[in-house]
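Worksheet: one structure, shown below.
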Amino acid sequence: MTLTTLSLPFSYTATFTPPFRPNTKPFRAAQQLSVDTPPPDPSPTQPKKTGVIIIGAGLAGLAAATRLRSENIPFLLVEASDAVGGRVRTDAVDGFLLDRGFQIFITAYPEAHKLLDYQALDLRKFYSGAQVYYDGRFHTVADPVRHFSDSLQTLANPIGTFLDKLLIGLTRLRVLTKSDGDILAAKEVSTIEFLRSSGFSDSIVDRFFRPFFGGIFFDTELETTSRLFDFVLKCLALGDNTLPAKGISAIPQQLAAKLPANSILLNSKVVSVEIESDSTANVRLKDGVVLRSELGAVVAVEEAEAVKLLAGKLEKKPGKPVRSTVCLYFSADSSQVPVRDPVLFLNGSGKGIVNNMFFATNVAPSYGPPGKALVSVSLIGLFGDVLDENLTAEVIRELSGWFGEGMVGSWRHLRTYRIGFAQPNQSPPTDLMKDPRVGPGLYVSGDYQTSATFDGALVSGRMAAEALLRDRALVQV
């Protein structure tokens, strides 16, 4: 492999002397190394140097890089795949934008609000509620604050009792009175245990909470911690469900665009990380290139990969299978969709394999070419024993019962995504504010360190970078 993009970022004007190396010359950020221009010593065994090496250019890695950049700390962000984003990616297929799995961005995520330019993302809103399929027809569930008249019409529908709807309002008020820190550190039970102990009926649990929050957590058993339920509910109460007009990958792309030129190295898989006695790090790539970090390394990959990469330095607690999902996309003529509203459809019947679906082009018309509609369908679990064609046929059969065989039969399958690791399992007991330190000079980040949300990944990246800065006494954090 020819590493034509390797240009280690020493273009800053800052000069600093790391306090852990008191007898060395100042570490000057004006140096630059690039494989495009051979270094003074072309020896292949000589490590290329930078300040901090961040492994993984998902949201956590990008957030760590953003925090280091704010302090003028040089870094290199190393990514194994061909683009930034990690799990937050979008593919262009036949003129459609296909996000890799069901992903919705909630505008009230506090960390995201600090880092992202929402206007530039051109966020397109979902309807604040859902259409729930139950007993052969659809029933509206609406946010009473945003859609008051719609919510009045739902009071007598079979998606829960009148008391359930009152309890939702009270639960909403409860989370709005708490800080995010209090929520994430509160006493916890599973979400299903919380709902039952709060007095919610089986009808609203099975017909609404399981498909709605089960679709968010990829967990229809609702074993996920009540801490995460409360945090997401608060964000939903304060913000909108949205999609960026250019696909969910616009989020990591915006973060990457703010970083220094040549600070991201793509198509470069890391195979080992070695920490020296002075807390510097040697990072070896699959092609044999060795990168050296003067300040330490941040490992911002999925937990299982981090455990493997750090070879005994990091332990994964057993007994919690990760959350998986399958997302199927179909194209349709614009005339062959039943609604024009940007609404999420939930399966409240308790039958079938479809959990939720929506017409992406109703939310963001830019997700498809003119005259075409994009259909997104989500299943919970991996369905590893079912062939793609059989899974597609079953989804078509099931949705034909929702919308009619004549309409659904005209849809054309575009692609199926099987996502083995969609989220970490965050059933109790949890620690949603883990210390990112693994050892001197070594830090980890990722949503498994905090909350399994976009925001959690961003927070974990910042926390890892700030821990490194604190340990190196480079800034007051």
Side-chain angles (χ1 to χ4, degrees), residues 81-107 116-127 130-131 138 215 240-257 325-346 354-379 388-389 391-400 402-419 454:
S81 70
D82 60 353
V84 300
R87 283 170 271 152
V88 186
R89 295 281 300 273
T90 304
D91 296 316
V93 178
D94 296 345
F96 294 92
L97 297 179
L98 310 185
D99 294 333
R100 294 185 182 179
F102 175 61
Q103 303 188 57
I104 290 179
F105 180 72
I106 304 175
T107 58
L116 297 170
D117 181 346
Y118 285 7
Q119 184 174 359
L121 287 174
D122 192 10
L123 298 172
R124 303 304 178 94
K125 298 179 184 179
F126 280 79
Y127 176 86
Q131 289 288 329
F138 289 100
D240 294 300
N241 287 338
T242 68
L243 290 176
K246 294 183 179 180
I248 204 72
S249 64
I251 294 171
Q253 287 170 1
Q254 184 183 102
L255 291 171
T325 186
V326 180
C327 183
L328 299 92
Y329 285 101
F330 301 86
S331 68
D333 290 337
S334 295
S335 61
Q336 293 299 307
V337 295
V339 297
R340 295 289 179 265
D341 299 322
V343 66
L344 182 67
F345 291 85
L346 304 175
V354 173
N355 184 76
N356 57 275
M357 61 86 62
F358 69 105
F359 300 97
T361 40
N362 286 1
V363 180
S366 51
Y367 266 59
K372 294 292 183 179
L374 178 63
V375 186
S376 173
V377 183
S378 294
L379 322 179
D388 279 1
E389 54 265 36
L391 208 57
T392 300
E394 178 57 25
V395 166
I396 289 291
R397 186 198 65 78
E398 194 170 315
L399 293 181
S400 293
W402 292 21
F403 303 117
E405 184 176 355
M407 177 175 291
V408 177
S410 69
W411 297 354
R412 180 175 67 88
H413 178 250
L414 287 171
R415 182 169 291 185
T416 295
Y417 291 94
R418 294 179 186 259
I419 303 170
F454 282 97

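Between Val339 and Asn362, the shortest heavy-atom distance links the atoms O-ND2, 3.0 Å. Closest heavy-atom contact between Phe96 and Ser331: CZ-CB, 3.4 Å.
The ring pair (Phe, Tyr, Trp, His ring centres under 6.0 Å) test applied to Phe138 returns Tyr133, Phe345, Trp402, Phe403, not counting sequence neighbours.
Between Asp82 and Arg89 a salt bridge is recorded (basic side-chain N to carboxylate O distance below 4.0 Å). The pair Asp333-Arg412 does not meet the salt-bridge criterion, since no charged nitrogen lies less than 4.0 angstrom from a carboxylate oxygen. Under the 4.0 Å criterion applied to side-chain N and carboxylate O atoms, Lys372 and Asp94 are not assigned as salt-bridge partners.
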* To do: Please step through side chain to side chain contact (heavy atoms under 4.5 Å, CB included) for the pair Val337 and Thr361, ending with a clear verdict.
  => CA-CA 10 Å; Val337 295; Thr361 40; over 6 Å; no
* List the steps and the verdict of side chain to side chain contact (heavy atoms under 4.5 Å, CB included) for Val326 and Thr416. => CA-CA 7 Å; Val326 180; Thr416 295; 3.7 Å; yes
* Evaluation steps, side chain to side chain contact (heavy atoms under 4.5 Å, CB included), between Thr242 and Phe126 -> CA-CA 6 Å; Thr242 68; Phe126 280 79; 5.6 Å; no
* Would you please test Val363 and Phe358 for side chain to side chain contact (heavy atoms under 4.5 Å, CB included) and show each step? => CA-CA 9 Å; Val363 180; Phe358 69 105; 4.1 Å; yes
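Under the 4.5 Å side-chain criterion, counting only non-hydrogen atoms from C-beta, Asp91 is in contact with Arg100. Side-chain contact between Gln254 and Asp117 is present, with heavy atoms from C-beta onward closer than 4.5 Å. Side-chain contact between Phe330 and Leu374: absent, with no pair of heavy atoms (C-beta onward) separated by less than 4.5 Å. The closest side-chain heavy-atom distance from Leu399 to Trp411 is below 4.5 Å. Two residues are said to be in side-chain contact when any heavy atoms from C-beta on lie closer than 4.5 Å; Arg415 and Cys327 fail this criterion. Under the 4.5 Å side-chain criterion, counting only non-hydrogen atoms from C-beta, Phe359 is not in contact with Pro342. Counting heavy atoms from C-beta outward, Pro244 and Ile251 have side chains that approach closer than 4.5 Å. Inter-residue side-chain proximity for Arg418 and Leu391 is flagged as met; some heavy-atom pair is nearer than 4.5 Å.
Expressed to the nearest 0.5 Å, how far CD of Glu405 lies from OG of Ser410 amounts to 11.0 Å. Here the straight-line distance linking atom CG of Leu121 with atom CG of Leu116 works out to 5.5 Å at 0.5 Å rounding. Note that CG of Asp240 is 4.5 Å distant from OG1 of Thr107, once rounded to the nearest 0.5 Å. Interatomic distance, CG of Leu328 versus OG of Ser376, reported as 8.5 Å (0.5 Å rounding).
With Glu398 contributing its side chain and Val354 its backbone, the two residues share a donor-acceptor pair below 3.5 Å. A donor-acceptor contact shorter than 3.5 Å is absent between the side chain of Gln253 and the backbone of Val84. With hydrogens and angles ignored, the 3.5 Å screen pairs no side-chain donor or acceptor of Gln103 with any backbone N or O of Phe454. Thr90 contributes no side-chain N or O that, together with a main-chain N or O of Leu98, makes up a donor-acceptor pair within less than 3.5 Å. Side chain of Tyr118 to main chain of Leu123: no donor-acceptor pair is present (N/O by atom type, distance under 3.5 Å, no hydrogens or angles). Thr325 places a side-chain N or O within donor-acceptor distance of the main-chain N or O of Leu379, the cut-off being under 3.5 Å.
Using a 3.5 Å distance cut-off with no hydrogens or angles, the side chains of Asn355 and Ser378 do not pair a donor with an acceptor. Under 3.5 Å, the side chains of Asn241 and Tyr127 contain no donor-acceptor pair of N or O atoms.
Heavy-atom contacts from other residues, nucleotides or ligands closer than 6.0 Å to CD of Gln119 number 12 or fewer.
Ring centroids of Tyr367 and Tyr329 are separated by 6.0 Å or more, keeping the two rings apart.
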